[in-house]
Amino acid sequence: MLKNLMLPVFLILLAFLLLSNDDAKIIIAGVAIFLIGMVFMEDGFKLFSGGILEKLIEKSTNNIPKAIFTGFISTSVVQSSSLISIIVISFLSGGLIALSSAIGVILGANIGSTTTAWIVASFGVKIKISAFAMPMIIFGVIFRFTKSNSLKGLGNVLLGLGFVFLGISYMKDGFDTLKTALDLSQFAIEGYIGALVYIALGAVATVIIQSSGATMALIITALATNQIIYINALELAIGANIGTTVTAVIAAVASNSNGKRLAVAHFIFNIVTAFIAIVFLYQLSDLVDFLALKVAISEDNYAMKLALFHTIFNVIGVIVVTPFVYKLETFLQGLFKDEKSSKLKAKYLDEVFMKIPDAALISIKKEILHLYENAQEVISHAIYLHRHKFLGSGKKDLSQIVEKSNLDIHTDINQFYTNKIKSLYGEIIRYSALSQENMDEDDKNRVYDLKLASRNIVEAIKDIRDLHRNISIYLKSDNEDIKEEYNNLRVNIANTLRTINEIREEKDDIEVLTSLEVLRENIRNLDDIRNDRLDTLIRENYIDKKMATSLINDTTYAHAISKNLIEAASILFIERSEIQELGDEL
């Protein structure tokens, strides 16, 4: 109830402030325009990068120093640590990067996020920045109405920059006007009591605004117009860093285990960094004064010195935390265990990944692999086999495994399909459809293929549901011939599952293609052999008419099960171009 009341109360207070104070109205409008600019920039880079950003993070995070540098560069360019966090969580969930590397990227992103302060301090308080905003907004709007996703992305980036610059201009004008009516610097509090008060104000402001970049822009413009004194601005900057941890923790509550791990890593980093900055506040201030002279920042250029301070204490935090990343990784993996496999709902389809094509594709593929794991289990049980007895049995003869198996596995295939598989399949299809909005044609084609793979898997489960009934009946028959035929069907399906399981571990696409084609050929040959043997069984009266009819139908089911599993594997484990070269005719 408290959460539901917070928004109305906030809106009422905001409306009162806007109506009662024209100066505050200009400043708040500046913050709002700045924030919408950050949103446009984030959305723009999702489209404009064409997957380059995702590929950079995937390929450049194989050790912690590279991961930190990648996080710094990518966040500096896109000006959105939240976007980088989303990509990192999706890659972590997809197994593309290790948790230690993901933590490294987040550490680097904290340094990269300080570039916002440098931009504001360098341009926003020295020149009439709004003059640059208008052309950017005009060209941004033009590009947004083009058909190309890259140009639309560029349009969003230009719009974002334009709005960011315009927001800075409004904030500066608001504080300039406020100065004539009220001098906030007169309320400055010295000493550590004052430091704690301003740190708390910075944290609260960031929680409310939901952007440390916007908070820093607000602090710098207030400092540049002498509304606050320099030392209090440093304290507010520390508070802004702490405020981002609250945002991260709130976002992680509904996230998966990987999201929670990174949120806690972010929280620990920011708290450690803030603690260092608070304890050594005056020493760091002296260090900033010393370094400012070395890099040609004038003694009275407090906006630039604030940006330098913001970078320095984040760099120090990274230096302090980095040696403990692997221990932190172990701690976080123990703190948040991977969720138990739930066959009732999706594990990887996080809504936050939808707008990032590569992240969405990874999520969809991982979820279909989750679907396949469930299918593998239910198909194995339907043919009365435990997966660990034949999938990990190497070259052991499947015929022997099948003959030694018994009928003590009791699985309601129809209930499993109705209550579990259908709901998961539905979530995959829905998520796939919604994710395609921000994709180019190649990505849309890949999603189409993945949807086909999920359909193939579901069709295999529906066929095994029908086959299972007669397997249960005829394995108990006194007729050894019909029992042998159904054991052969079990062997063929088990062989398909085992071959696909081996293919999953193969890194070479050519080897995968070859294995799949061999499996296809084996199925074709077995089908011919079964037809010849079936004719003999009927002609020699080894089986009766009812058995023959059932065997004919069930042979078709077994063939369809293997065919669908192979088609799904060809999509999941090799690239689209390779699939097209191979062809998929059975």
Fill in the blank from the handout: Closest non-hydrogen atoms of Pro323 and Val320, given as atom of the first, atom of the second and distance, are CD-O, 3.3 Å
Handout entry: Test item: Ile137 and Leu158 side chains (from C-beta on) under 4.5 Å apart, heavy atoms
Key = no
Completion exercise
Distance col, row Ile68:CD1 vs Ile111:CD1, nearest 0.5 angstrom, shows 7.0 Å
Completion exercise
One should read off an interatomic distance between Leu99 CG and Glu329 CD, to the nearest 0.5 angstrom, of 4.5 Å
Problem - Residue pair Leu332 / Lys260, side-chain heavy-atom distance below 4.5 Å - result: no
Handout entry: Shortest non-hydrogen contact between Lys444 and Met439, atoms and distance
Key = CE-O, 3.3 Å
Practice task
Specify the closest pair of heavy atoms between Ser454 and Lys451, including all atoms of both residues, with the distance to one decimal.
Solution key: OG-O, 2.7 Å
Practice task
Answer yes or no: does atom CD of Glu299 have more than 12 heavy-atom neighbours from other residues, nucleotides or ligands under 6.0 Å?
Solution key: no
Practice task
Would you check if Phe269 and Leu328 make a side-chain contact, meaning some heavy-atom pair closer than 4.5 Å?
Solution key: no
Practice task
Look at the side chain of Glu367 and the backbone N and O of Ile428, then say whether any donor-acceptor pair between them is shorter than 3.5 Å.
Solution key: no
Fill in the blank from the handout: Here the gap from Ser285 atom OG to Phe280 atom CZ, rounded to the nearest 0.5 Å, amounts to 14.5 Å
Practice task
State whether the side chain of Thr221 and the backbone N or O of Ala217 hold a donor-acceptor pair below 3.5 Å, judged by distance alone.
Solution key: yes
Practice task
Could you walk me through whether Val288 and Ile312 pass side-chain contact (heavy atoms from CB on, under 4.5 Å), step by step?
Solution key: CA-CA 8 Å; Val288 169; Ile312 286 173; 3.9 Å; yes
Exercise for the section: Report the C-alpha separation of His310 and Thr115 in whole Å, then their side-chain angles, then the decisive distance to 0.1 Å, and conclude whether the side-chain contact (heavy atoms from CB on, under 4.5 Å) test is met. Expected result: CA-CA 9 Å; His310 193 213; Thr115 56; over 6 Å; no
Exercise for the section: Could you tell me the separation between the CZ atom of Phe309 and the CG atom of Leu287, rounded to the nearest 0.5 Å? Expected result: 10.0 Å
Problem - Separation between CD1 of Ile242 and CZ of Phe275, rounded to the nearest 0.5 Å - result: 11.5 Å
Handout entry: Minimum side-chain heavy-atom gap Phe72-Val318 below 4.5 Å
Key = no
Practice task
May I ask you to test the Leu201-Tyr198 pair for a side-chain heavy-atom distance under 4.5 Å?
Solution key: yes
Handout entry: Pairs touching residues 269-293 that satisfy salt bridge (charged side-chain N to carboxylate O under 4.0 Å, His left out), sequence neighbours left out
Key = Asp289-Lys305
Handout entry: Value rounded to 0.5 Å, distance of CZ in Phe331 from CD1 in Ile268
Key = 5.5 Å
Problem - Residues Thr273, Phe313; criterion side-chain contact (heavy atoms from CB on, under 4.5 Å); working and verdict - result: CA-CA 7 Å; Thr273 304; Phe313 84 77; 3.2 Å; yes
Problem - Student check: side-chain heavy atoms of Leu572 and Leu450 closer than 4.5 Å - result: yes
Problem - Student check: side-chain heavy atoms of Leu223 and Leu236 closer than 4.5 Å - result: no
Completion exercise
Taking every heavy atom of Ala67 against every heavy atom of Ser101, the minimum-distance pair comes out as CB-O, 3.3 Å
Completion exercise
Residues passing the side-chain hydrogen bond (donor to acceptor under 3.5 Å, both in side chains) test with Thr311, sequence neighbours excluded, are Thr114, Trp118
Exercise for the section: List the steps and the verdict of side-chain contact (heavy atoms from CB on, under 4.5 Å) for Val141 and Leu159. Expected result: CA-CA 7 Å; Val141 170; Leu159 272 173; 3.8 Å; yes
Practice task
Could you list all the salt bridge (charged side-chain N to carboxylate O under 4.0 Å, His left out) pairs where at least one residue sits in residues 100-113, not counting sequence neighbours?
Solution key: none
Practice task
Would you check if Leu234 and Leu306 make a side-chain contact, meaning some heavy-atom pair closer than 4.5 Å?
Solution key: yes
Practice task
Identify which one of Thr215, Asn314, Ile271 satisfies the side-chain contact (heavy atoms from CB on, under 4.5 Å) criterion when paired with Asn241.
Solution key: Asn314
Fill in the blank from the handout: For Ala568 and Ala453 the tightest heavy-atom approach is CB-O, 3.7 Å
Completion exercise
Taking every heavy atom of Ile219 against every heavy atom of Ile228, the minimum-distance pair comes out as O-CD1, 3.8 Å
Practice task
Name the orientation class of the two ring planes belonging to His370 and Tyr348 (parallel below 30°, tilted from 30 to 60°, perpendicular beyond 60°).
Solution key: perpendicular
